[in-house]
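Quick note on labels: first sequence line is chain A, next is B, and so on, each numbered from 1.
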Amino acid sequence: MTRLSQYLLPTEREAPADAEALSHKLMVRAGLVRQVGTGLWTWLPAGLRVHQKIVQIIREEMNALGGHELLMPMIQPAEPWRKSGRYEIDELFKLVDRKETELVLGLSGEEVVTTHAASMIRSYRDLPLTLYQFQVKGRDEPRPRAGILRTREFLMKDSYSFDRDADAVDASYRRHADAYAKMYDRCGLRWYLVDADVGYMGGRESGEFMAPCPAGEDDIVLGANGYAANLEVASAEPAPVTLPPSGDAPEEVHTPGTNTIESLAEFLGLPQGALSKAFPVVRQGDDEELVLLLLRGDHRVSEVKLRTVLGAGFRQASASEIEDKIGPPGFLGPVGMRDSQVRVLVDQGMLANEGGYVAGANRTDHHLRGVQAGRDFTYEAVDVRQVGPGDTVGGEPIQIEPAIEIGNIFKLDTRYSAKLGARYLDPDGKSQDLWMGCYGIGPARIAAAAVEQFADEKGISWPRAIAPFDVHLVTLGKPGSDERELSERLYAELTASGLDTIYDDRDAGPGEKFADAELLGVPLRVTVGRRSIAAGELEVQIRRGAVAQAVPLDGAVEAIVKLWRTLP
RNA sequence: CGGGGUGUGGCGCAGCUUGGUAGCGCGCCCGCUUUGGGUGCGGGAGGUCCCCGGUUCAAAUCCGGGCACCCCGACCA
């Protein structure tokens with residue numbers, strides 16, 4: 001029973017002044033969510049219905065892939081986090097109880113589930129196994145933002161697969177990817193599965209599910225033949241650049257005061273792409289190493305790709321390190337370095353063009369013209385460039401779109417099982433590490449993405465599978481009127497037909513009721529007014545596109561049910 | 001963590017420069033009115049002006065400290 005006169009749906013005419021993202025504004029205005037503190041939100045009744053519908057879709061698909069639901073605690077002992085090496089993560093909420101025991105708020109569930117696996121999974125006969133839960137996750141985010149999009153506490157479905165070996169992990173991973181595809185399709189979203197960095201989860205391979213929309217925090221790169229990748233890791237062919245011809249050897253030129261790419265390009269009258277940019281970086285770790293990275297002057301470094309290439313974190317080299325081993329900052333190049341042992345990495349975006357680049361001469365106010373990799377210096381080719389507009393994949397220009405991350409899947413392999421001692425006996429009776437995968441999905445982000453993707457100037461337009469209600473019944477009649485009597489009957493019949501119906505029986509004007517209905521975004525609006533009675537029909541409006549149609553009163557409920565089934 | 005901004009009734013805001021009994025629109029309550037796009041008229045309720053301290057006869061306003069929240073960046077399964 002959902003009569004608006006007795007329901008909590010606090011709609012607002014104006015968005016909170018500090019809201020920026022469309023989903024943030026609309027979800028607050030439509031009375032779906034309310035803020036409690038930075039990154040902390042309450043789901044109000046109508047919003048919770050959306051959330052629960054999404055949760056149910058996810059649950060059904062998890063069960064269909066053979067997953068078993070369980071529920072693990074959100075408050076967890078710190079010890080397994082120390083063992084896994086994740087206790088130091090800044091986002092991890094740490095707490096201490098009255099006995100001074102160290103605890104954490106789970107930001108995901110690997111530590112606990114792997115601890116369980118260690119004690120409960122003994123034999124290859126117990127495998128494969130997939131466990132999942134819906135549990136609140138806590139994260140001490142450096143910057144919560146955009147309403148419900150990045151919060152410090154949120155419900156997440158996290159699942160974990162346990163297998164015998166790498167091939168079996170691949171199969172579990174594939175099954176999850178397929179299940180996720182079904183979930184997003186059922187939720188009515190536009191989405192992509194993209195290549196991604198593994199981040200602090202660690203592991204061999206990961207994929208991110210991304211819903212394109214303006215409020216997206218990430219950028220995704222889309223190209224020909226289904227190419228899709230997070231901008232952080234994307235690869236593409238750069239737009240070519242015309243280089244001046246190279247002579248037999250580099251030629252030194254006097255370039256006073258040109259210690260930036262812009263000033264040098266201007267001084268020489270060349271495009272920035274004809275210059276080479278030098279990045280001296282130090283690979284971090286026990287065996288720190290200074291490396292010189294070269295990139296086309298008009299290209300940018302992807303820090304994520306560089307980290308992958310180096311196999312470790314890195315930092316900018318200090319001025320003294322640069323002076324010591326390469327040359328004067330601002331005029332660095334691969335030829336004539338003070339220490340010829342410095343490794344030179346060349347981004348492959350530089351290698352595709354004929355001719356010679358301009359590079360620093362390792363001498364103040366001087367550069368070299370006509371420098372060619374291989375001929376003039378030895379190098380390793382790498383791909384560390386951040387792709388950009390104008391690049392191509394398979395000959396077609398790429399597209400770059402902002403997107404919300406709505407799910408993530410990882411092949412963890414033995415990264416957690418080895419550290420937490422989760423092992424099984426194989427058919428030969430030998431003890432082996434368990435092979436794992438983990439898979440996360442956030443219902444709140446699916447809701448926000450749906451709002452972003454389908455809203456119009458009047459409000460939200462939910463995909464029907466996750467709408468808070470199926471039908472929004474608006475009565476324009478006063479209590480006691482014929483219209484009201486008809487509305488009451490329709491409300492009962494619609495509800496009996498299985499449609500979740502919200503009934504606007506408030507004592508309010510038509511404009512207000514229509515505006516609220518459009519803001520809330522229920523897929524079908526049924527209006528009952530004097531007109532309806534007179535014409536013997538109802539006005540039924542499809543929210544998406546605001547298309548109205550007349551439905552004869554006779555058999556109206558059946559017609560509405562039928563129409564509803566055709567909606568996106 | 002760096003930069004910028006904001007805290008005044010449920011929401012959106014003015015007032016602060018130049019100290020003097022706190023205001024507007026919307027919403028809310030009551031009555032009448034209106035009933036297919038936030039109708040009109042009348043009456044009314046509601047505020048520790050973020051907090052603490054200071055200056056002053058007097059502080060929303062000036063000074064000091066703190067807190068909260070937002071945006072950009074860094075960061076971010």
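- B/C41 and B/A59 have their P atoms separated by 40 Å, given to the nearest Å.
- In this structure, A/E512 atom CD and B/G27 atom P are separated by 8 Å, rounded to whole Å.
- More than 12 heavy atoms of other residues, nucleotides or ligands shown are found within 6.0 angstrom of CG on A/L95.
- Of the candidates B/C69, B/U35, B/G12, the closest approach to any side-chain atom of A/Q35 belongs to B/C69.
- With P as the reference atom, B/A14 and B/G9 are 13 Å apart, rounded to whole Å.
- Between A/E217 and A/R445 a salt bridge is recorded (basic side-chain N to carboxylate O distance below 4.0 Å).
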Check your understanding: Would A/R484 and A/D505 count as a side-chain contact (heavy atoms from CB on, under 4.5 Å) if you check the C-alpha gap in whole Å, the side-chain angles of each, and the deciding distance to 0.1 Å?
Key -> CA-CA 8 Å; A/R484 183 60 76 109; A/D505 61 338; 3.7 Å; yes
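- At a cut-off of 3.5 angstrom, the base of B/G37 holds no donor-acceptor pair with the side chain of A/T527.
- When the nucleotides B/G36, B/G12, B/G38 are ranked by their closest atom to the side chain of A/D516, B/G38 comes out on top.
- Among the nucleotides B/C75, B/C71, B/G38, the one closest to any side-chain atom of A/E91 is B/C75.
- In the set B/C13, B/C11, B/G37, the nucleotide with an atom closest to the side chain of A/A17 is B/C13.
- For B/G37, the base has a donor-acceptor partner in the side chain of A/R525 [N/O atoms by modelled type, under 3.5 angstrom].
- Rounded to whole Å, atom P of B/G37 lies 16 Å from atom NE2 of A/H472.
- Contact check, A/T38 against B/C70: a side-chain N or O comes under 4.0 Å of OP1 or OP2.
- The side chain of A/E141 approaches B/C76 more closely than any other nucleotide in the set B/C71, B/C76, B/G36.
- Across B/G37, B/C75, B/G38, the shortest atom-to-atom separation from the side chain of A/R13 is found for B/G38.
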